[in-house]
Amino acid sequence: MRAAAISTPRLNKMPGIFFASANPSELKGSDHSLLDDKIQKKRPKAFGTDLKAYLKSMLPHLESGIKSSKSKDILSITEVRQWSQSLEKLLTNQTGQAVFGNFLKSEFSEENIEFWLACEDYKRTESDHLHCKAEKIYKAFVQSDATKQINIDFHTRESTAKNIQVPTPTSFDEAQKVIYTLMERDSYPRFLKSEVYLKLLNELQGNSLK
C-alpha cells in the first residue's frame with residue numbers, strides 16, 4: 001500500500017529513517033533533502049523482543065525515559081496512553097510521530113506520515129519560498145512517478161497539480177486530508193494493537209510502579 005495544536009519542527013532532513021531523531025526539519029533551502037533523493041525501500045528489520053534495545057536503536061534519546069519514571073522523563077506512561085485517544089494526539093507528540101513513523105516503515109507506508117509532516121511544514125513556509133517547496137513536495141509524493149508516491153485518487157492528484165501552479169499555504173490541504181484519513185482508518189488502529197506499542201505501554205507501566 002502506497003497509499004501533534006501540532007508542533008512539528010521543520011523538515012531539514014528526511015533521511016530514510018528520518019524519525020530516528022524525532023525531530024523532522026525543514027524542506028526549505030536544503031540541497032540534500034529527501035525530496036531530492038531517490039530512496040529505494042528496503043525491508044526493515046524485525047522489531048525484536050527486547051523493547052529497550054529496539055527503542056534505543058530507533059530513538060536513542062528515549063533511553064532515559066524508559067529507565068525511570070521518577071526522574072524528569074522524556075517519555076511518560078501518560079503520554080503513551082494519550083496516543084490511543086486519537087491520531088491527532090499521537091501526531092502532536094514528537095516521540096509519537098517517531099514511533100508511529102517506524103511502525104509505518106515496517107508496513108512499507110512511511111510515505112504517508114512523511115507527506116503529512118511535509119504538508120505541516122509547508123503551511124508555515126514564507127510566501128517567497130512556497131513555489132519551490134510546493135514543487136519539491138509534489139515531485140516527491142504526488143506526481144504519478146513520484147519516488148514516494150502517496151495513495152490518493154485521480155481527482156485529488158489532478159486538483160493538487162493545479163493548486164501548486166499558483167501555490168498558497170493550502171495547496172496540499174485536500175491531499176493531506178486524504179492521507180490523514182487513510183492513516184486514521186487503516187494504519188492507526190493496527191498501530192494501537194501492535195507489539196511495539198503494547199510493549200512500550202507495559203514497560204512504562206512497570207516503571208511507574210517502581
Side-chain angles (χ1 to χ4, degrees), residues 1-9 11 14-25 41-120 148 150-151 176-210:
M1 174 183 61
R2 306 287 300 165
I6 297 176
S7 60
T8 307
L11 294 165
M14 293 173 64
I17 308 180
F18 77 97
F19 299 100
S21 66
N23 184 29
S25 43
K41 291 180 180 246
K42 297 181 180 179
R43 181 175 296 277
K45 297 180 180 179
F47 284 137
T49 57
D50 187 339
L51 179 66
K52 290 182 182 180
Y54 166 65
L55 289 175
K56 183 178 179 181
S57 65
M58 181 181 74
L59 299 166
H61 69 280
L62 279 185
E63 184 181 13
S64 61
I66 295 295
K67 284 182 177 179
S68 170
S69 61
K70 297 178 181 179
S71 59
K72 185 177 179 181
D73 293 333
I74 295 175
L75 186 64
S76 70
I77 183 64
T78 300
E79 286 179 280
V80 176
R81 284 173 176 165
Q82 287 177 343
W83 297 354
S84 66
Q85 295 176 9
S86 68
L87 179 59
E88 181 179 0
K89 286 280 189 181
L90 175 62
L91 295 179
T92 300
N93 183 277
Q94 290 184 8
T95 303
Q97 290 175 14
V99 177
F100 186 53
N102 276 272
F103 171 76
L104 292 182
K105 187 173 181 64
S106 76
E107 293 198 329
F108 306 102
S109 60
E110 69 271 22
E111 71 278 356
N112 291 330
I113 193 169
E114 290 181 8
F115 173 71
W116 186 87
L117 288 170
C119 290
E120 288 298 293
K148 293 204 164 190
I150 52 174
N151 186 15
Q176 186 185 21
K177 183 177 180 180
V178 171
I179 293 304
Y180 182 92
T181 301
L182 179 64
M183 292 191 293
E184 185 176 42
R185 295 178 179 177
D186 187 33
S187 305
Y188 177 61
R190 288 199 301 274
F191 169 73
L192 296 180
K193 296 177 182 179
S194 69
E195 181 180 13
V196 65
Y197 179 66
L198 295 177
K199 279 192 172 185
L200 180 56
L201 272 178
N202 291 336
E203 183 73 25
L204 291 172
Q205 179 66 50
N207 284 340
S208 68
L209 298 176
K210 292 179 182 178

Charged N to carboxylate O under 4.0 angstrom, E110 versus K105?
yes
Donor-acceptor pair, distance only, cut-off 3.5 Å: does the side chain of [X] make one with the backbone of [Y]?
| X | Y | answer |
| --- | --- | --- |
| N93 | K89 | no |
| N202 | L198 | yes |
| Y180 | W116 | no |

Shortest non-hydrogen contact from I77 toward Q205
CD1-N, 3.8 Å
Determine the minimum heavy-atom distance between T95 and W83, stating which atoms define it.
C-CZ2, 4.0 Å
Report the C-alpha separation of Q97 and L90 in whole Å, then their side-chain angles, then the decisive distance to 0.1 Å, and conclude whether the side-chain contact (heavy atoms from CB on, under 4.5 Å) test is met.
CA-CA 7 Å; Q97 290 175 14; L90 175 62; over 6 Å; no
Tell me every residue that passes ring-ring contact (aromatic ring centres under 6.0 Å, His included) with Y197, counting only those two or more places apart in sequence or in another chain.
F191
Using 0.5 Å steps for rounding, measure from the [atom1] atom of [X] to the [atom2] atom of [Y].
| X | Y | atom1 | atom2 | result |
| --- | --- | --- | --- | --- |
| N112 | E184 | CG | CD | 13.0 Å |
| S109 | F103 | OG | CZ | 7.5 Å |
| I179 | S187 | CD1 | OG | 9.5 Å |
| Q176 | I150 | CD | CD1 | 9.5 Å |

Any side-chain heavy-atom pair of E114 and L104 under 4.5 Å:
no
Is there a side-chain contact between L87 and M183, using heavy atoms and a 4.5 Å cut-off?
yes
In sequence, state the C-alpha distance, the side-chain angles, and the governing distance for E107 and R190, and then conclude on side-chain contact (heavy atoms from CB on, under 4.5 Å).
CA-CA 10 Å; E107 293 198 329; R190 288 199 301 274; 2.8 Å; yes
Test log, rule side-chain contact (heavy atoms from CB on, under 4.5 Å), inputs L75 and L200
CA-CA 10 Å; L75 186 64; L200 180 56; 4.0 Å; yes
Which is it for R81 and L201 under the side-chain contact (heavy atoms from CB on, under 4.5 Å) test, yes or no, and what are the steps along the way?
CA-CA 7 Å; R81 284 173 176 165; L201 272 178; 3.9 Å; yes
